Q: 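Provided herewith is a single structure, encoded as structure tokens, for subsequent inquiry.
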Protein chains: 2
Amino acid sequence: MGRSAVNGQLDLLLLASLGAGEAHGYALIARIHERSGSRLELQEGSVYPALHKLEASGSVASRWADDGGGRRRVYALTTAGQTELARRAEEWNGFAAAVRGVLGAAS
Amino acid sequence: MGRSAVNGQLDLLLLASLGAGEAHGYALIARIHERSGSRLELQEGSVYPALHKLEASGSVASRWADDGGGRRRVYALTTAGQTELARRAEEWNGFAAAVRGVLGAAS
DNA sequence: GCCTATACCTAGATTGCCTAGGTATGGGAC
DNA sequence: GTCCCATACCTAGGCAATCTAGGTATAGGC
């Protein structure tokens, strides 16, 4: 098992991070690392395919930006993506509550 | 994706449920279903292999019980299993906090 | 002109769990 | 008294998520 182990929440994490403003892949990795309190260290090999999948499904849109530096693909949340984010966040809250319920009963 | 989607927390759920007292496989499924507020419906095909794995790693011990009815394999948490439960619970709390951190920043 | 950092990409392997079967026993219907 | 269903256990194989381990390209420091 890898060091971060996102346990099925990769899409949620990416959508939520994009909810804070458009960004390119590398920046998203940094953003998630930061906001998770350094607990999540996503790998590029996980993030890029996930972003492509989210774009294919219409949750995010991308454009190429050449701000002087090298090529960058900047992703932004679409309207459908905002809906999807809300749906997944609720799903996560339900799952977390379910685990808390099972854990809480033991203590 | 199945209907319950335990997202890598199957072992934790089983250990936590056994923390509330020894039980056999079928009863564990019912216990988790109940304590999760009916949100988690584990399948036998997930639970039994997981219990065997936990027994092989020393976290649980089993004995056959024939209380009048058909054969039943009753599982109980070992001392090592209690340590493992604490470790995994802490791991879960860390992960949940990380996700909250990423989600919270968006709102 | 080379090395490093930034940035992006993909194929293939691994892992974890579910699907879909199967066995066995006991009790109620009839 | 036998058929069916519920309880209880088990396994092989498949599938989906994501990680590993490579690769490409550009810009800037030295």
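Residue numbers begin at 1 in each chain, while the letters A, B, ... track the order of the sequences. Nothing here was measured: the structure is a model prediction, and the numbers come from that model.
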Q: C:dC18, C:dT23, D:dT20: which one has an atom nearest the side-chain heavy atoms of B:R71?
A: C:dT23
Q: Of the candidate nucleotides D:dT18, C:dT19, D:dC10, which contains the atom at the shortest distance from the side chain of A:V6?
A: D:dT18
Q: Please tell me if B:Y48 has a side-chain N or O lying less than 4.0 Å from either OP1 or OP2 of D:dC10.
A: no
Q: Look at the side chain of B:E44 against the base of D:dC9 and say whether a donor-acceptor pair falls under 3.5 Å; ignore hydrogens and angles.
A: yes
Q: Which of the following nucleotides, D:dT11, D:dA8, C:dC9, is nearest to the side chain of B:P49?
A: D:dT11
Q: Measure the OG-NE2 distance between B:S62 and B:H24 for me, rounded to the nearest 0.5 Å.
A: 13.5 Å
Q: Measure the spacing between CG of B:D11 and CG of B:L85 and express it to the nearest 0.5 Å.
A: 11.0 Å
Q: Could you check whether B:W92 and A:F95 have their ring centres less than 6.0 Å apart?
A: yes
Q: Just to confirm, is there a sub-4.0 Å distance from OP1 or OP2 of D:dT11 to any side-chain nitrogen or oxygen of B:H52?
A: yes
Q: Atom CG of B:L54 to atom P of C:dC17: distance rounded to whole Å?
A: 10 Å
Q: Taking the side chain of A:H24 as heavy atoms from C-beta outward, which of C:dC8, D:dC10, C:dC17 is closest to it?
A: C:dC8
Q: To the nearest 0.5 Å, what is the distance between NZ on B:K53 and CG on B:L14?
A: 9.0 Å
Q: I need the CG-P distance between B:L14 and D:dC9, as an integer number of Å.
A: 13 Å
Q: Measure from the side-chain heavy atoms of B:Y26 and tell me the nearest of C:dT10, D:dT18, D:dT7.
A: D:dT7
Q: Select one nucleotide: of C:dC9, D:dT18, C:dC17, the one nearest the side-chain heavy atoms of A:W64.
A: C:dC9
